[in-house]
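Scroll down for the structure; my scribbles are underneath it.
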2 protein chains.
Amino acid sequence: MRSNVAKKQLESKTASSAASRPYRIEDQIGYLLRRAHQRASAIFQTGIGDPNITPTQYSSLAKLDEYTELSQNLLGRLVGMDKATMQGVVRRLKERGLVDSRPDPGDARRTLLSLTTEGQRLINRLLVNGPAVSRETLKPLNAQEQKQLLDLLSRII
Amino acid sequence: MRSNVAKKQLESKTASSAASRPYRIEDQIGYLLRRAHQRASAIFQTGIGDPNITPTQYSSLAKLDEYTELSQNLLGRLVGMDKATMQGVVRRLKERGLVDSRPDPGDARRTLLSLTTEGQRLINRLLVNGPAVSRETLKPLNAQEQKQLLDLLSRII
DNA sequence: GTGTCATCGTACGTACACGAACGATATGGG
DNA sequence: CCCATATCGTTCGTGTACGTACGATGACAC
């Protein structure tokens, strides 16, 4: 009841200014990002070619393919993951024999990660499907809009 | 080694067509959505006014404020959450005394959810901060770009 | 060399997110 | 009325995601 009064007051107040519309959850950037990320993950899972590989695992394997050898911490920074999160991702990849680790000879705090032969073989295969997954996710937009969306997203990160 | 050969072949192949650039993880829509969602969540957590309320809990409380009473399943559809995920969110909100439930008199499968007095008071307070959180998240973009991003995101959901 | 401070990896707790399986209930066709 | 089918909510398992705290190591000042 108190809220209804408050809401009505807010509505009449904002209705007068054309620029600000009423606050709706569905129009908020955080909500839209959550939903869009959900859909992208679902498309990834069905299209990447291995249902047991997650988006974060895929990013990690792809970065190791690119750099050959990386410390766990640096890998985390490159793929935008917290070190605590990275720890879990790496542990699972090691358990599956996709990633190997050895102590850094120059810095005893570091663990150097690299792909195993099997991990190399897997990421080579998955990378083929990557473009199709992105294409499917962006399908509702035309080429110019797709480019724009990627640009806008990278600017709010 | 095998991958390096493959990568070079891919590069030289795609370099010839101007439209398709080399495949980089950082430019993929899924990766950008994950990073953008991370940042939005972080801003939400520090700005919404209660560090113990998560974005999904906030959406749920806001929808209950809007509709007064909803079944758990319908609430899940309105905020874009799986029923299994919804179950955990609702359980935590009930444990904290923010949400109440009663059996649907007309359908014994359903549970009707509503805000408690405390839940109503909390969401009224948090909704005040909602616009500032969205504003901060979109800060790197100008007004037209902000509008465009919201439009593009809603179209790929 | 010693103390101070930062960095790296680990461990624990909390909270999404979803697939799969399950039991209870509802609904429509026969 | 009865059965097939669908829906609703729960439970289990796996995997992010992050805050916090911790111990080991490294870097640097003094």
| said: Mind checking if B/Arg77 touches a base, just sugar-phosphate, or nothing, with heavy atoms under 4.0 Å? | reply: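 Sugar-phosphate, backbone atoms only, no base.
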State whether the side chain of [X] and the backbone N or O of [Y] hold a donor-acceptor pair below 3.5 Å, judged by distance alone.
| X | Y | result |
| --- | --- | --- |
| A/Arg39 | B/Ile156 | yes |
| B/Gln148 | A/Leu152 | no |
| A/Thr116 | A/Gly97 | yes |
| B/Gln28 | B/Ile25 | no |
| A/Thr46 | A/Ile43 | yes |

Rounding to a whole Å, what distance do you find between [X]:[atom1] and [N]:[atom2]?
| X | N | atom1 | atom2 | value |
| --- | --- | --- | --- | --- |
| B/Gln72 | D/dG9 | CD | P | 5 Å |
| A/Arg102 | C/dG9 | CZ | C1' | 17 Å |
| B/Phe44 | C/dC16 | CZ | C1' | 13 Å |
| B/Asn73 | C/dA26 | CG | P | 15 Å |
| B/Arg110 | C/dG23 | CZ | P | 22 Å |

| said: Generate the contact string for nucleotides 11-17 of chain D. Rules: B means base contact, S means sugar-phosphate contact only, - means no protein heavy atom under 4.0 Å. | reply: B---SBB
List every contact pair, protein side and nucleotides 23-28 of chain D side both N or O, where the distance is under 3.5 Å.
residue, atom, partner, partner atom, Å
D/dG26, OP1, A/Ala108, N, 2.8

| said: How about CD on A/Glu95, more than 12 heavy atoms from neighbouring residues, nucleotides or ligands closer than 6.0 Å, or not? | reply: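 Enclosed: over 12 neighbouring heavy atoms sit under 6.0 Å from CD of A/Glu95.
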| request: Decide yes or no on side-chain contact (heavy atoms from CB on, under 4.5 Å) for B/Met81 and A/Arg34, but give the supporting numbers first. | output: CA-CA 10 Å; B/Met81 277 188 261; A/Arg34 180 173 67 80; 3.7 Å; yes
| note | In terms of heavy-atom contacts, B/Thr68 and B/Ser114 come closest through O-CB, 3.4 Å
| note | Given the options A/Asp50, A/Ile53, A/Leu122, A/Tyr58 meets side-chain contact (heavy atoms from CB on, under 4.5 Å) only with A/Ile53
| remark: Between B/Arg39 and B/Leu74, whichever has its closest DNA chain D nucleotide further toward 5' is B/Leu74
| field | Residue closer to the 5' end of DNA chain C, A/Leu112 versus A/Gln45 (nearest nucleotide) | value |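 The 5'-side residue here is A/Leu112.
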